[in-house]
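I'd like to ask some things about the structure below.
Computation of the quantities below employed the complete heavy-atom set of this structure, encompassing side-chain atoms and omitting hydrogens, waters and symmetry-equivalent molecules.
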Amino acid sequence: MATKYKEMVKAATLTGTAATYYTAPVLTYAAIHAVSANNPTAGAVTVNVYKVPTSAAADGTTRLASKIVPAGRPMQFPELVNHKLEPGTQIYADGNGCSLNISGIEYVPE
């Protein structure tokens with residue numbers, strides 16, 4: 001078995017439309033350990049994070065968190081910690097102009 005800590009999403013600049021920022025690799029399980037978003041813009045921005053299984057979409061049924069991030073401020077997303085991802089599961093996010101960081105662990109069973 002192999003376990004490694006990973007920066008799943010590294011300072012990705014989000015857009016206004018949900019996009020994929022991480023996919024659990026084939027035969028690999030993952031867990032989220034920390035999530036933060038930073039808003040360098042002049043106005044508050046709503047950041048949404050989705051956990052999307054294979055063949056599903058980023059929508060209200062797959063959204064894990066939605067927070068308003070104030071202008072010029074970072075914000076943590078503790079409610080995402082310990083969410084597990086099966087192989088092929090994707091993390092989508094949106095939040096026009098904000099940056100997103102997600103760290104966690106990947107596990108490959110023998």
Side-chain angles (χ1 to χ4, degrees):
M1 111 181 94
T3 302
K4 71 176 178 180
Y5 291 94
K6 179 160 181 116
E7 288 184 86
M8 298 167 165
V9 181
K10 300 176 189 177
T13 300
L14 305 177
T15 66
T17 303
T20 304
Y21 291 95
Y22 172 80
T23 302
V26 174
L27 303 176
T28 302
Y29 296 82
I32 297 170
H33 285 182
V35 180
S36 62
N38 183 51
N39 181 1
T41 73
V45 175
T46 299
V47 173
N48 297 293
V49 181
Y50 310 82
K51 182 176 96 171
V52 182
T54 304
S55 302
D59 59 24
T61 64
T62 59
R63 185 173 41 229
L64 295 179
S66 181
K67 285 192 176 185
I68 298 171
V69 181
R73 301 282 312 268
M75 184 168 279
Q76 300 294 313
F77 286 70
E79 64 274 23
L80 298 178
V81 172
N82 287 323
H83 273 276
K84 308 303 188 269
L85 290 79
E86 294 184 353
T89 300
Q90 298 179 313
I91 295 174
Y92 278 69
D94 59 63
N96 201 25
C98 288
S99 63
L100 180 69
N101 289 283
I102 300 176
S103 62
I105 193 166
E106 291 182 335
Y107 168 74
V108 179
E110 289 183 9

Quick one: closest heavy-atom pair of H33 and I105, and the distance?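 So the two residues come closest at NE2-CG2, 3.6 Å.
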Give the minimum heavy-atom separation between A18 and A58, together with the two atoms involved.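 For A18 versus A58, the nearest heavy atoms are CB-CB, 3.9 Å.
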In Å, rounded to the nearest 0.5 Å, how long is the span from OG1 of T46 to CD1 of I68?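 Interatomic distance, T46 OG1 to I68 CD1, rounded to 0.5 Å: 4.5 Å.
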Can you find a heavy atom in the side chain of N39 that is under 4.5 Å from one in the side chain of R73?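 N39 does not reach R73 side chain to side chain.
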Out of T62, T89, L80, I91, which residue meets the side chain to side chain contact (heavy atoms under 4.5 Å, CB included) rule with K51?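 Filter result, single survivor: T89.
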Are I102 and Y22 connected, step by step, through hydrophobic side chains (Ile, Leu, Val, Met, Phe, Trp, Tyr) whose heavy atoms are closer than 4.5 Å?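 Yes: a chain of side-chain contacts under 4.5 Å links I102 to Y22.
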Exercise: identify the closest heavy-atom pair between T13 and Y21: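 Scanning both residues completely, I find the closest heavy atoms to be O-OH, 3.7 Å.
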Is the shortest heavy-atom distance from the side chain of E86 to the side chain of Y29 under 4.5 Å?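 Yes; the side chains approach each other to less than 4.5 Å.
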Measuring only between side-chain heavy atoms, which start at C-beta, is C98 closer than 4.5 Å to T41?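 Of all side-chain heavy-atom pairs linking T41 with C98, none is under 4.5 Å.
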Would a distance-only check, ignoring hydrogens and angles, find a side-chain to backbone donor-acceptor pair under 3.5 Å from K84 to N82?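 Between the backbone of N82 and the side chain of K84 there is a qualifying donor-acceptor contact (under 3.5 Å).
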Using side-chain heavy atoms (C-beta onward) and a distance below 4.5 Å, is S66 in contact with N48?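 Yes - at least one pair of side-chain heavy atoms lies under 4.5 Å apart.
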Between E79 and A65, which heavy-atom pair has the shortest distance, and what is it?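 Closest heavy-atom pair between E79 and A65: OE2-CB, 3.4 Å.
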Verify the cluster assignment for L14 and M75: are they in a single hydrophobic cluster under the rule of side-chain heavy atoms below 4.5 Å apart?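 Yes, same cluster.
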Is there a side-chain contact between S103 and N101, using heavy atoms and a 4.5 Å cut-off?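 With C-beta onward as the side chain, the pair stays apart.
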Report yes or no: is the cationic atom of K67 (NZ for Lys, CZ for Arg) under 6.0 Å from the centre of the six-membered ring of F77, at an angle within 45° of the ring normal?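 Satisfied, under 6.0 Å and within 45°.
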Is it true that the side chains of Y50 and D94 contain a donor and an acceptor less than 3.5 Å apart?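 D94 and Y50 do have a side-chain donor-acceptor pair below 3.5 Å.
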Are Y92 and V47 in one and the same hydrophobic cluster, where Ile, Leu, Val, Met, Phe, Trp and Tyr link if side-chain heavy atoms are under 4.5 Å apart?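 Each belongs to a different hydrophobic cluster.
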Using a 4.5 Å cut-off on heavy atoms from C-beta on, say whether the side chain of L85 contacts that of I32.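 In contact.
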